[in-house]
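Values reported hereafter were calculated over all heavy atoms of this structure, with side chains retained and with hydrogens, waters and symmetry mates removed. Ligands are counted one by one from 1 in listed order, and the atoms in each one are counted from 1 as well. Residue numbers run from 1 in the order of the sequence given.
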Amino acid sequence: MKLKIKNGTLITPYRYIKNGTLVIEDGKIAGIHQGDIEVPDADIIDAGGKYVAPGFIDLHIHGGGGHDFMDGTVEAFLKIAETHAQYGTTALVPTTLTSEKEDLLITLDNYEKANANNLFGAQFLGMHLEGPYFALSQPGAQDPRYIRNPDPAEYEEVLAYSSSITRWSAAPELPGAIDFGKRLKQKGILAAVAHTDAIYEEVLEAYENGYTLATHLYSAMSGVTRKNAFRYAGTIESAFLLDMDVEIIADGVHLPAPLLKLIYKIKGPDRIALITDAMRAAGMPEGESTLGSLKNGLKVIVEDGVAKLPDRTSFAGSVSTTDRLVRNMVKMADVSLLDSVRMMTATPARIMGVDHKKGTLVAGKDADIIIFDEDINIQMTIVKGKIIYEKHNKNFTATNYES
Ligand SMILES: [Zn+2]
């Protein structure tokens, strides 16, 4: 099967190719070209001068469309993947919340089943376990009932249970957290520091033992602290100082414009991944909702474009979608569209270890492609060469393409 997307501004994302043509063959990118070229037997999509970019990759997401990955159903996985695909996400890392072990194992089972049947949504890049090994002093919206120290007996059981875990977030200052990081590294699992009160010396040791990413920088994380007269650098300063990757919730609420600009200035587009950290209310009307599973979750309120704990002392996850993240980086943080797209494509692909097949418009990579307009409104989403979402628009001509 061949598909030709013509008359688009390609975002590779290292440069623009105006009036570009992108050719897809058997689910892969076959080539990118300046100008129009003949592709015999190809179905043709006219991009109408809009942008054609690699699909967005979301490294940290809990839900959307009214569902949470911990709802205990395969359907939840599929609906979340379909919901976010409509906003430009072509790959995502389903993320858990701290929970009882039984609920975690059910979620891991559902991941396997959903992954085998995910025909119309963003692809899954393995599971991200957010917790339960966190600092009780930095719970954010994680349920403190389930927060605990790393327990080798427990995590070894979980690691043995599922081979689908690709990322795990933990507080590095906890007893046993360094051994835990080493173990994750050994298993090829991305270890991230999160929900932590660590000071620089603790983050440095963690970095030396396998932790390479700071989970939602600035959220549920220590900054500079003072003990007696002395100041200590926290996790935020450590993430800036060390050669670590950072992910940021660029929903425009969790981080105000000056912090988005500061992070971009210090870390640059190759070290920053934009994440939604979206909960179930993403893509839904505002009002009451539940963070986490329907059974054990926390009641939250969605207002002002974000989820909050009922007493409004803490955000409880975002309701963002990836298009909104890119739009915010451009409009709030004054970052170029190229760099904003890079932080939503090439950089997360590299952080997740899938850059050999995703994240850039390069021949041979998966044809995960999106088309969007000047305001990052998604017109079409293609996953592995198959159109899974198309906004009704007279500019598009190919509606009968089947993979
Ligand atoms: Zn999260």
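At least one side-chain heavy atom of Met279 sits under 4.5 Å from a side-chain heavy atom of Val300.
Put simply, His216 stays out of reach of the Zn ion (ligand 1), with no N, O or S atom under 2.8 Å from it.
His62 contributes NE2 as its N, O or S atom closest to the Zn ion (ligand 1). Nearest to the Zn ion (ligand 1), among the N, O or S atoms that His60 has, is NE2. Nearest N, O or S atom of Glu130 to the Zn ion (ligand 1): atom OE1. The Zn ion (ligand 1) is closest to atom OD1 of Asp277 (considering only N, O or S atoms).
Lys79 has no carboxylate O lying under 4.0 Å from a charged side-chain N of Asp71, or vice versa, which leaves the two without a salt bridge. Ionic pairing of Lys365 and Asp355 is not present here: no N-O contact between side-chain nitrogen and carboxylate oxygen is shorter than 4.0 angstrom. Under the 4.0 Å criterion applied to side-chain N and carboxylate O atoms, Asp26 and Lys28 are not assigned as salt-bridge partners. Looking at Asp366 and Lys358, a side-chain N of the basic residue comes within less than 4.0 Å of a carboxylate O on the acidic one, giving a salt bridge.
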